[in-house]
**Student:** 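I have a structure here, written as structure tokens, and I will follow up with some questions on it.
Quick note on labels: first sequence line is chain A, next is B, and so on, each numbered from 1. Just so you know, these numbers come straight off a predicted model, no measurement behind them.
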Protein chains: 2
Amino acid sequence: MSAATHQSTRQTPHEVFAGYLAANRLKITPQRRLLLDIFLAEPGHVSSEELYAKVKRREPAIGQATVYRTLKLLAECGLAQAVSFADGLTRYEPQFGVEHHDHLICEACGRTIEIVDPVIERRQEELAQRYGFSLARHKMDLYGLCPDCRQDGRKTSR
Amino acid sequence: MSAATHQSTRQTPHEVFAGYLAANRLKITPQRRLLLDIFLAEPGHVSSEELYAKVKRREPAIGQATVYRTLKLLAECGLAQAVSFADGLTRYEPQFGVEHHDHLICEACGRTIEIVDPVIERRQEELAQRYGFSLARHKMDLYGLCPDCRQDGRKTSR
DNA sequence: GTAGCTGCAAACGTTTTGCTGGTTG
DNA sequence: CAACCAGCAAAACGTTTGCAGCTAC
């Protein structure tokens with residue numbers, strides 16, 4: 001729990017979103033509100049398609065295009081951040097009030113585990129300080145093989 | 001044997017590639033050799049299309065599919081690494097003979113310092129093992145403000 | 001009322017795949 | 001000579017865009 005950035009402004013995500021929309025003369029619609037809600041309820045990184053599937057359960061009439069467009073808006077106003085895992089899919093992760101995390105990624109099956117290690121987090125701070133940097137954020141992805149894919153051992157026959 | 005973490009062996013890239021192909025009963029072809037050469041001559045990250053264009057100048061008959069397929073092979077044997085910049089394009093960067101390092105990046109002036117911290121490296125291994133993963137490689141970028149940019153909000157020199 | 005929105009479907013650009021003749025080991 | 005590969009073109013994939021009617025402001 002080392003939330004290094006305590007802001008005095010305590011806007012809710014919805015306020016942030018509404019503010020951004022208003023500032024750009026865009027409109028608040030039921031779809032956008034719903035998408036924000038469901039997006040924020042997601043634990044980790046979501047692809048557009050995954051979000052589309054979840055939203056569709058509550059609002060079957062919604063279209064994929066709306067999901068794509070809204071995710072882009074969320075990224076623009078800082079509520080979401082686009083991350084890529086080199087699997088041809090763009091994923092978004094909530095940036096508001098969500099605990100930071102890193103990724104442990106299986107290169108074989110694409111499975112991704114979110115991890116946070118206090119030792120590493122602290123060490124990163126120390127490292128940055130050693131170089132006189134003030135650290136704002138970081139990104140760490142570990143690539144390897146998950147337990148399942150290690151056992152499969154489909155290669156190196158003989 | 002996923003060949004991604006062979007740093008101690010002094011194999012040339014061509015040897016690595018040939019070894020990987022042989023181990024999987026795949027064949028060495030002129031196209032694959034040419035693609036490896038041109039790929040290694042690239043300074044940074046290349047997209048499949050960029051590589052295709054360059055290869056085509058030397059071997060006009062080559063097809064895009066071959067480039068895609070070969071890049072995938074290079075990634076499998078650890079000579080290339082796929083990176084995504086969230087622009088809908090998969091890029092590959094050469095991984096051979098390059099010392100691993102992480103990045104400390106100034107968000108104001110773009111200055112980048114290459115770092116390696118043994119404590120973090122070791123801890124990453126431990127973390128992966130805890131989840132049953134075998135770790136092949138990782139990527140860590142720390143973002144913040146460098147000493148110069150901390151002192152004055154100027155977005156100076158570089 | 002008007003600018004902006006939605007859902008649909010078609011368009012788009014990248015990557016993959018099926019096929020056939022040719023090449024490697 | 002058997003397995004694998006190349007090139008081609010079509011398919012598949014995720015994402016964007018044009019449109020006509022609808023909605024928030």
Side-chain angles (χ1 to χ4, degrees), chain A residues 14 17-36 38-39 45-77 80 82-92 110 155 157-158, chain B residues 14 17-39 45-53 55-77 80 82-92:
Chain A
H14 300 81
F17 197 30
Y20 177 80
L21 293 176
N24 291 71
R25 283 172 239 86
L26 305 177
K27 292 173 180 173
I28 298 173
T29 66
Q31 291 93 335
R32 287 178 179 171
R33 231 171 348 215
L34 177 59
L35 275 164
L36 175 57
I38 297 187
F39 175 68
H45 33 73
V46 208
S47 69
S48 180
E49 199 174 350
E50 287 165 356
L51 195 60
Y52 174 60
K54 297 211 174 179
V55 170
K56 195 137 193 170
R57 290 210 279 271
R58 270 216 252 167
E59 181 55 56
I62 205 162
Q64 300 206 34
T66 301
V67 179
Y68 278 104
R69 288 188 276 231
T70 303
L71 276 174
K72 221 158 219 178
L73 284 177
L74 293 177
E76 282 171 25
C77 68
V83 294
S84 288
F85 292 132
D87 63 344
L89 263 172
T90 302
R91 290 167 199 283
Y92 291 84
K155 28 169 78 174
S157 35
R158 181 249 288 263
Chain B
H14 300 82
F17 197 30
Y20 177 80
L21 293 176
N24 290 70
R25 283 177 244 87
L26 305 178
K27 292 172 179 174
I28 298 174
T29 66
Q31 291 90 338
R32 285 179 180 169
R33 232 173 344 218
L34 178 59
L35 274 163
L36 175 57
D37 283 340
I38 298 188
F39 174 70
H45 34 71
V46 208
S47 70
S48 180
E49 198 173 352
E50 287 163 357
L51 195 60
Y52 174 59
V55 172
K56 195 138 194 169
R57 290 209 279 272
R58 269 217 252 168
E59 181 55 56
I62 205 162
Q64 300 207 35
T66 301
V67 179
Y68 278 105
R69 289 189 273 229
T70 304
L71 276 173
K72 220 157 218 179
L73 284 177
L74 293 178
E76 281 171 26
C77 68
V83 294
S84 287
F85 293 131
D87 61 346
L89 262 173
T90 302
R91 289 166 200 283
Y92 291 84

**Student:** Kindly check if the number of other-residue, nucleotide or ligand heavy atoms within 6.0 Å of NE2 (B/H45) is above 12?
**Tutor:** no

**Student:** In whole angstroms, how far is the P atom of D/dA24 from the CD1 atom of A/I28?
**Tutor:**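 From A/I28 CD1 to D/dA24 P: 11 Å.
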
**Student:** May I ask you to say what B/R69 touches in the nucleic acid, namely base, sugar-phosphate or nothing, with a heavy-atom cut-off under 4.0 Å?
**Tutor:**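 Counting heavy atoms under 4.0 Å across all strands, the contact made by B/R69 includes a base.
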
**Student:** If only atom types and distance count, is the side chain of B/R32 paired as donor or acceptor with the main-chain N or O of B/K27 below 3.5 Å?
**Tutor:** yes

**Student:** Hey, does A/Q31 have a side-chain heavy atom less than 4.5 Å from the side chain of A/V55?
**Tutor:**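 No, their side chains stay 4.5 Å or more apart.
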
**Student:** Measure the CG-CD distance between A/L71 and A/E76 for me, rounded to the nearest 0.5 Å.
**Tutor:** 11.0 Å

**Student:** Can you find a side chain N or O atom of A/K27 that sits less than 4.0 Å from OP1 or OP2 on C/dT2?
**Tutor:** no

**Student:** How many Å lie between CG on A/L35 and P on C/dG7, as a whole number?
**Tutor:** 9 Å

**Student:** For A/S47, report the nucleic acid contact type (base, sugar-phosphate, nothing); a contact means any heavy atom under 4.0 Å.
**Tutor:** nothing

**Student:** Tell me whether the OP1 or OP2 atom of D/dA9 has a side-chain N or O from B/Q64 closer than 4.0 Å.
**Tutor:** no

**Student:** Rounding to an integer number of Å, can you tell me how far A/L26 CG sits from C/dC5 C1'?
**Tutor:** 10 Å

**Student:** Is there a side-chain contact between A/T66 and the phosphate of C/dC5, meaning an N or O under 4.0 Å from OP1 or OP2?
**Tutor:** no

**Student:** Check whether any side-chain heavy atom of A/V67 sits under 4.5 Å from a side-chain heavy atom of A/Y52, and report yes or no.
**Tutor:** yes

**Student:** In terms of side-chain heavy atoms of B/Q31, which of D/dA6, C/dA9, C/dT15 is nearest?
**Tutor:** D/dA6

**Student:** Is the phosphate of D/dA6 approached by B/R32 (side-chain N or O, under 4.0 Å from OP1 or OP2)?
**Tutor:**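 B/R32 to D/dA6 OP1/OP2: side-chain N or O found under 4.0 Å.
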
**Student:** Can you tell me if B/T90 touches the phosphate of C/dT15, counting only side-chain N or O atoms and a distance under 4.0 Å to OP1 or OP2?
**Tutor:**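 For C/dT15, OP1 or OP2 has a side-chain N or O of B/T90 closer than 4.0 Å.
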
**Student:** Side chain of A/K72 only, please: which of C/dG4, D/dT16, C/dG25 is the nearest?
**Tutor:** D/dT16

**Student:** Which whole-number value in Å describes the distance from A/L21 CG to D/dA24 C1'?
**Tutor:**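 My rounded result for the distance is 12 Å.
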
**Student:** Does a nitrogen or oxygen in the side chain of B/T29 sit under 4.0 Å from OP1 or OP2 of D/dA6?
**Tutor:**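 So the side-chain polar atoms of B/T29 do come within 4.0 Å of the phosphate oxygens OP1 or OP2 of D/dA6, strictly under.
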
**Student:** Nearest to the side chain of B/A61 - D/dC5, C/dG4, D/dG7?
**Tutor:**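 Of all the options, the side chain of B/A61 is nearest to D/dG7.
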
**Student:** Can you tell me the distance, in whole Å, between the CD atom of A/E59 and the P atom of D/dT23?
**Tutor:** 12 Å

**Student:** Report the distance from atom CD of B/E49 to atom P of C/dT16, rounded to the nearest whole Å.
**Tutor:** 14 Å

**Student:** Which whole-number value in Å describes the distance from A/L71 CG to C/dT6 P?
**Tutor:**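 The distance from CG of A/L71 to P of C/dT6 comes to 12 Å, rounded to the nearest Å.
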
**Student:** Where each residue is assigned the nucleotide of DNA chain C containing its nearest heavy atom, which of A/K56 and B/P30 is assigned the position nearer the 5′ end?
**Tutor:**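 Upstream on the strand: A/K56.
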
**Student:** Is there a side-chain contact between B/Y68 and the phosphate of C/dT15, meaning an N or O under 4.0 Å from OP1 or OP2?
**Tutor:** yes

**Student:** Could you tell me the separation between the CG atom of A/L89 and the C1' atom of C/dT14, rounded to a whole number of Å?
**Tutor:**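 Going from CG in A/L89 over to C1' in C/dT14 covers 13 Å.
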
**Student:** Out of B/I62, B/L36, B/L34, B/L35, which one pairs with B/T70 under the side chain to side chain contact (heavy atoms under 4.5 Å, CB included) rule?
**Tutor:**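 Going through B/I62, B/L36, B/L34, B/L35 one by one, the side chain to side chain contact (heavy atoms under 4.5 Å, CB included) with B/T70 is satisfied by B/L35 alone.
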
